[in-house]
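Structure first, then comments.
Counting convention: from 1, in listed order, for ligands and their atoms alike. None of these values were measured; they are calculated from a predicted model.
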Amino acid sequence: MNLIQREKANIYNTYNRLPVAVSHAKGSKIYDVEGNEYLDMLSGIAVNALGHSHPRIIEVIQEQIQRYCHISNFFYQEPQIQLAEKLNKLTNLSKTYFCNSGAEATESAIKLSRFWGNPLGKNRIITFSGGFHGRTMGTLSAMDKPLYKERMGPFLPNFDIVPINKPEVLRSYVTEETAAIMLEHIQGEGGVVEASEELIQTMIKLREKYNLLLIADEVQCGIGRSGDMFAYQQYNYQPDIVITAKAIGGGLPLGAITVSETLGNEWKPGTHGTTFGGNAVACCAGIVVLDELENGVLENVQTVGTYLFEQLQLVQKEFPKKIVSIRGRGLMLGVEFSFPSRPFVEKLLEKRIISNSTSETILRIVPPLTLSKEEAQHFLDVLRNTLQSF
Ligand SMILES: Cc1ncc(COP(=O)(O)O)c(C=O)c1O
């Protein structure tokens, strides 16, 4: 049996895999076992911010595993502390709690909001239609896509899921019982949908009026992807909780919530926790990710992201019947087609481009943040070429 047959025989079939058996990957390129080279415009679903096999990440991981891999949260650990210092500073917040994934981090944000809100009579949480926050029961309760929820209920009570970018509807849902509003400033799975400036301004006013928390789910749109370190920074305000995961672990599993000073004093030892959270090896990789972003990679996201966006707009002009819209920021872009995007992704794969289809008609573009202009150009050439014959 080959790799694909063995996978089918042994692994629970919960993913629509692309038919590529991976051998190794470097920078923005993935190589299959037959030696074919692919341009990676997906980066492990918005994870590999520095591309694959980044030499500094390899170096710090190797160094750390020679010291130790896992020691548990019963001990003081330099890599965790360093990464928390960086996250606290970058978010202008006070304390970081580490876990292992985006869902777990979001779950932690939900728990902390309820913990803070319960004594004040606040336990309702507002989220937005089309949002994605994870696959746990808590995070699913914050989402409305039927595919993820069918036959999984009952879910947690007291979640209000409102349409995005409809400030008047949001206003009508907020009461004294609302503990928090949680938002992806650019929805990823939801099809690269940006929050409007008006929505954020409304959220800020509602926080002032009702004393509620604003939670930024930066799992996908954060850590440099939007062109700023965090997407919420493009709206120029301060959330109370910032959720990170995906890219923060430099390719290793890591999640975090970074919280305000008030919230940082809520939980006491034992209130919340996890065995692996803030794994030292993952934290070492995370420190490199943030360091590289601050030293040139963010600028690359801005330059290459702007180029890609402008070029995609030109492609849209060339194919007005096939492309409905171009959206997103930085290197988190979406091409909305007038037809289902999955077959198009398969066509691109035949031409050795790895991309992703989301929300039925959207081609999601989330490459490594180190993508070069030449690589972006290659993608555009193949895109044009494929659109002509599709
Ligand atoms: C915005 C957002 N939040 C949370 C999650 C859940 O993260 P994970 O898959 O690491 O549990 C995702 C995953 O795609 C996401 O995009």
Taking [X] first and then [Y], would you say they form a salt bridge - that is, a charged N and a carboxylate O separated by under 4.0 Å?
X	Y	value
Lys111	Glu107	no
Glu350	Lys347	yes
Arg364	Glu189	yes

Ring center gap for Tyr148 and His133 short of 6.0 angstrom: no

Polar proximity ligand 1 side, Ala245 side, N/O cut 3.5 Å exclusive: no

CD (Gln313) with more than 12 external heavy atoms under 6.0 Å: yes

OH/Tyr173: more than 12 non-hydrogen atoms of other groups inside 6.0 Å: no

Atoms of ligand 1, numbered as shown, that sit under 4.0 Å from any heavy atom of [X]:
X	result
Glu189	14 (O)
Glu184	1 (C)
Ser101	10 (O), 11 (O)

Whether Lys246 lies under 4.0 Å from ligand 1, heavy atom: yes

Please list the nearest protein heavy atom to [atom] with its residue and the distance rounded to 0.1 Å.
atom	value
atom 3 (N) of ligand 1	Asp217 OD2, 2.8 Å
atom 16 (O) of ligand 1	Gln220 NE2, 2.8 Å
atom 6 (C) of ligand 1	Ala103 N, 3.5 Å
atom 10 (O) of ligand 1	Gly102 N, 2.8 Å
atom 2 (C) of ligand 1	Phe132 O, 3.2 Å

Step-by-step salt bridge (Lys or Arg N to Asp or Glu O under 4.0 Å) determination, Glu194 to Arg327: CA-CA 8 Å; Glu194 294 165 66; Arg327 49 214 211 199; over 6 Å; no

Proximity of Arg135 to ligand 1 by residue part, where a heavy atom lies under 4.0 Å: neither

Region of His133 that comes within reach of ligand 1 [heavy atoms, distance under 4.0 Å]: backbone

Test log, rule salt bridge (Lys or Arg N to Asp or Glu O under 4.0 Å), inputs Arg342 and Glu346: CA-CA 6 Å; Arg342 175 76 194 185; Glu346 284 162 15; 3.0 Å; yes

